[in-house]
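Scroll down for the structure; my scribbles are underneath it.
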Amino acid sequence: MAPRHFLDLHLLDAATLRGILDTAHAMKKAGKRVPAKLRPKGIEDKVLVLIFEKPSTRTRVSFDVAMRQLGGQTIMLNNTDLQLGRGESIADTARVLSRYIDIIMIRANTHQTLQELAAHATVPIVNGLTDWSHPCQVMADLMTFEEHIGPLAGKTVAWVGDGNNVAVSWMHAAVRFGFELRIACPSELEPEKGVVDWVRREKGNVSITDDPAKAVKGAHCVVTDTWVSMGQTGADHRKKILKPYTVDAALMAKAAKSAIFMHCLPAYRDHEVSAEVLDGPQSVILDEAENRLHVQKAILAWCLSTDG
Ligand code: CP
Ligand code: NVA
């Protein structure tokens, strides 16, 4: 049987993603001691390898704790710990690790690395962020939205800032969960055409503008992220063209009265978001961070389950 990879939201159907989110809510309710019915069979004999080619606080700790709370084991590896860092091929790494362990999570510099790993591994691969997408983060954000606002279908989310990896996963999510996504970003930082075309083919409700006020008007949720993602160059230019996209109290005031503010963190106060908004009453950043744990337990359980 082909392994169940969790690579990107557009590669999974809406029912599967809904099922994972439902499990995530149940995991949160259950707390640290995951009941047997939510644990994959034989989890106590399973090992998750976590590979990090880039730094991480949340992904690193929440995946490690998630696997332990499910009853499994973990091994944490940085890029330089592996022969991968000395030029061993991704394919060989995938084949060899598949002989030892049961599931791999990778935070990769390039999306191609993730895809190659998945193509050659015989165990599930989970995307813990690449330069192209960050699906685990957006699953946690969707869960957070449901907790604070309610069902996603028909709601409006405004993404303000760089059209980056997190924005791409939000675009996938908008299509799969049936909500409107309005992206406000400078034209040169728009998400790549391939994703925009995919949304169009899927008849998704995603619009792109360079006007933050237009995107935010009446939105149920306003989201932003760092202006300079890991591995990106041209920091000074980015900061200059993104300056009008700071999410501050004046911009938040244009959203719905009950709107929430999201940021995947790490955040840079008074750059992409004012300290007032980030630390203010509409901000749900710590719930997003916490929900990484619950949603990733659900993702690991889904990847490791073979019962359909
Ligand atoms: N949001 C997120 O993925 O954080 P880390 O980079 O700390 O893992
Ligand atoms: N867009 C950011 C997200 C960090 C979690 C980055 O890739 O650095």
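All ligand and atom numbering here is 1-based and tracks the order in the structure.
For Asn127 and His5, the side-chain atoms include no donor-acceptor pair closer than 3.5 Å. Between the side chains of Thr144 and Asn291, at least one donor N or O sits under 3.5 Å from an acceptor N or O.
Checked for salt-bridge contact, Lys28 and Glu147 meet the test: a charged N lies under 4.0 Å from a carboxylate O. A salt bridge does not link Asp197 to Arg201: none of the charged nitrogens lies less than 4.0 Å from a carboxylate oxygen. Between Arg200 and Glu202 there is no salt bridge, since none of the side-chain N atoms of the basic residue sits less than 4.0 Å from a carboxylate O of the acidic one. For Glu146 and Arg18, the salt-bridge test passes: some basic side-chain N is under 4.0 Å from an acidic carboxylate O.
For Met230, a nitrogen or oxygen atom sits less than 3.5 Å from a nitrogen or oxygen atom of ligand 2, counting backbone and side chain alike. Not one N or O of His134 is nearer than 3.5 Å to an N or O of ligand 2, by distance alone.
Using 4.0 Å as the threshold, Leu265 has a heavy atom nearer than that to some atom of ligand 2.
The contact shell of ligand 1, taken as protein residues with any non-hydrogen atom closer than 4.0 angstrom, comprises Ser56, Thr57, Arg58, Thr59, Arg107, His134, Gln137, Cys264, Leu265, Arg292.
Heavy-atom proximity to atom 4 (C) of ligand 2, evaluated over Leu129, Thr57, Asn164, is greatest for Leu129. Evaluated by nearest non-hydrogen atom to atom 7 (O) of ligand 2, the leading choice among Thr130, Asn165, Thr59 is Asn165.
Looking only at heavy atoms of the protein, atom 3 (C) of ligand 2 is closest to Asp225 OD2, 3.6 Å.
The shortest distance between side-chain heavy atoms of His263 and Asp225 falls below 4.5 Å.
For residues 79-94, the pairs satisfying salt bridge (charged side-chain N to carboxylate O under 4.0 Å, His left out) are Asp92-Arg95, with sequence neighbours left out.
Using cut-offs of 30° and 60° for the angle between ring planes, the His172 and Trp132 rings count as tilted.
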